[in-house]
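For reference, the structure is listed below as structure tokens.
Each chain gets a letter, A, B and so on, in the order the sequences are listed, and its residues count up from 1.
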Amino acid sequence: MDLGLDVEERDGYAVLSVRGEVDVYTAPRFRERLIELVSEGKHRIIVDLEGVDFLDSTGLGVLVGGLKRLRSHDGDLLLVCTQSRILKVFEITGLTKVFSIHDSVDAAVGGGSGGAPGQ
Amino acid sequence: MDLGLDVEERDGYAVLSVRGEVDVYTAPRFRERLIELVSEGKHRIIVDLEGVDFLDSTGLGVLVGGLKRLRSHDGDLLLVCTQSRILKVFEITGLTKVFSIHDSVDAAVGGGSGGAPGQ
Amino acid sequence: MTVPGEPAEVIELEIPARAEFVALARLVVSALASSDSNLADERIDDLKLAVSEACTNAIEAHDAAGSEERVLVRCKAGEDALEVCVEDRGHGFDPGQLPNHPPVTDPDRLKFERGLGIPLIRALVDEVEFSPTDHGTSVRLVMRHPGNGTAAS
Amino acid sequence: MTVPGEPAEVIELEIPARAEFVALARLVVSALASSDSNLADERIDDLKLAVSEACTNAIEAHDAAGSEERVLVRCKAGEDALEVCVEDRGHGFDPGQLPNHPPVTDPDRLKFERGLGIPLIRALVDEVEFSPTDHGTSVRLVMRHPGNGTAAS
Ligand SMILES: Nc1ncnc2c1ncn2[C@@H]1O[C@H](COP(=O)(O)OP(=O)(O)O)[C@@H](O)[C@H]1O
Ligand SMILES: Nc1ncnc2c1ncn2[C@@H]1O[C@H](COP(=O)(O)OP(=O)(O)O)[C@@H](O)[C@H]1O
């Protein structure tokens with residue numbers, strides 16, 4: 001099972017696009033990639049979940065861990081997600097209130113943390 | 001599991017387009033549709049296999065049965081198939097020599113039985 | 001998949017307790033659920049996620065217990081519901097004793113990268129039952145057909 | 001899926017002996033085969049078809065024997081090969097006694113709508129073994145990794 005993890009620069013943000021299924025098997029690679037970015041000094045990260053077919057609590061854990069790590073560097077982690085079945089996982093766990101979730105990378109870049117639906 | 005079975009008229013042929021997986025579960029519907037066509041007086045039939053994802057020996061059996069039935073009515077059954085993994089099943093069983101297999105419905109209509117690769 | 005009045009169909013999948021096989025459990029359950037015309041796509045996704053969480057926990061329990069045995073995923077396609085049991089041979093646990101997370105408004109919320117699996121399972125399926133077995137834990141997940149009390153518990 | 005030197009991973013699927021479940025066996029085998037980087041797509045298709053034929057025969061044998069028991073599909077993902085056993089509880093048979101078809105050039109060839117499954121299986125996989133068991137038949141299909149004698153038998 002392949003997990004796609006592509007990084008692009010966009011207006012001072014590192015955009016990490018995730019493709020495929022994020023579960024207990026693939027999450028470690030996702031976590032490592034995030035940690036790598038932070039240690040390269042990328043403290044403003046957008047995680048684009050539009051290509052994700054499946055995300056479970058292990059994936060949520062990676063994102064929560066990433067946000068914590070970035071905040072400790074005064075950075076930020078924004079999400080891009082419009083798929084209802086992925087959003088649902090954030091809603092059930094209350095994490096829509098913790099993350100700033102945007103409709104597109106453009107909206108995330110433009111809006112920063114202020115665009116969080118839950119805020 | 002759905003099996004698509006659409007019929008269209010083309011230059012005196014009834015074209016039966018099959019979509020999906022033809023196996024022991026779906027083959028009975030395929031067989032019934034063919035028999036129905038024959039009993040409606042359609043004795044020149046093209047079976048278009050381009051939309052088939054999977055075909056096993058049960059599917060081959062339906063086609064052999066159809067050809068036999070049509071020949072007994074002085075009719076014909078032509079196949080359209082270009083997918084190598086489906087053609088392979090005909091090759092292994094020697095049925096490329098029994099069926100007239102064409103690259104498209106147009107080629108089948110134009111060529112009749114004479115276009116059989118194995119002849 | 002099921003004929004009214006017929007007994008439930010049982011399909012079993014047994015996988016090594018390793019992370020890479022959770023995807024296979026999801027695949028089997030979603031294929032079965034898709035052939036159950038009584039379950040809408042959204043509910044199939046919910047069941048798939050719940051099964052994935054249960055299998056992940058089972059595998060982590062095997063890991064922690066050093067167990068080399070396999071995890072069993074038993075699906076029952078019945079007249080009223082689709083039921084999936086995930087049986088492990090791990091160390092067992094008491095689901096009543098799990099810690100509660102701080103509310104999402106609390107800054108400490110970010111300390112919790114884990115512990116979201118069982119709350120998700122509870123929210124997603126119509127019924128969930130954690131039972132200790134002789135060797136580990138059995139988690140029973142039930143997705144009822146509409147008209148059989150489908151309100152999420 | 002496999003680490004050199006590690007024992008083979010065993011994955012089991014048990015299905016009711018009914019035609020609609022053959023697709024599930026194909027799904028599981030092709031998912032496993034796809035995660036085996038040693039098998040090319042074409043060989044995965046070949047194995048999938050062979051497994052489908054073996055399951056079809058198993059289910060027909062259960063039907064004929066009036067057996068309500070289930071069919072077991074056991075996959076072993078090993079270092080050198082992917083192996084699939086299909087075990088039924090049907091009436092058994094002697095694969096050496098199957099009739100030969102007339103050559104395709106014979107007009108009588110059209111009388112044979114059946115009997116293509118076992119010839120297909122033999123042509124598609126590297127190794128096939130039909131063994132009588134106490135309760136029915138076990139069909140073992142082996143797809144070897146390149147460098148382990150992949151020439152079709
Ligand atoms: N099948 C199981 N066997 C043993 N312990 C389990 C099992 N399922 C859950 N647990 C325990 O419950 C805890 C909470 O599970 P869960 O909510 O899924 O979150 P997480 O797995 O992220 O910790 C686990 O950490 C584990 O200690
Ligand atoms: N698992 C099995 N148990 C009992 N009989 C079998 C089994 N597999 C095959 N056979 C017998 O061998 C015959 C030939 O099988 P096959 O070549 O697959 O063609 P078909 O299934 O179309 O008849 C079957 O008709 C059946 O009598």
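Of all heavy-atom pairs spanning C:Cys75 and C:Val29, the tightest one is SG-CG2, 4.0 Å. Among all heavy-atom pairs drawn from C:Pro146 and C:Asn38, the shortest one is CD-O, 3.0 Å.
C:Phe93 has its side chain out of reach of C:Asn57: every pair of non-hydrogen atoms, C-beta onward, lies at least 4.5 Å apart. Counting heavy atoms from C-beta on, the side chains of A:Asp76 and A:Leu70 never come closer than 4.5 Å. In this structure, the side chains of A:Thr96 and A:Ile101 come closer than 4.5 Å at one or more pairs of heavy atoms. In this structure, A:Arg19 and A:Asp6 have side chains that are in contact, with non-hydrogen atoms separated by less than 4.5 Å.
Only the backbone of A:Leu55 comes within less than 4.5 Å of a heavy atom in chain C; its side chain stays farther off.
When atom types are taken as modelled, the side chain of A:Glu50 and the backbone of A:Thr82 share a donor-acceptor pair closer than 3.5 angstrom.
Here A:Asp56 is the residue among A:Asp56, A:Val62, A:Leu63 with the most heavy-atom pairs under 4.5 Å with chain C.
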For this session: Start with the C-alpha distance between A:Ser104 and A:Asp106, add both sets of side-chain angles, then the distance that settles side chain to side chain donor-acceptor pair (under 3.5 Å), and finish with yes or no.
Result: CA-CA 5 Å; A:Ser104 66; A:Asp106 282 339; 5.0 Å; no
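Listed in order of number, the residues of residues 35-49 of chain A that approach chain C to under 4.5 Å between heavy atoms amount to none. Contacts between residues 58-67 of chain C and chain A, defined by a heavy-atom separation under 4.5 Å, are made by C:Glu60.
A salt bridge links C:Arg26 and A:Asp23; the closest N-O separation between the charged side-chain nitrogens and carboxylate oxygens is under 4.0 Å. The pair A:Arg85-C:Asp41 fails the salt-bridge criterion, with no side-chain N (NZ, NE, NH1 or NH2) lying under 4.0 Å from an Asp/Glu carboxylate O.
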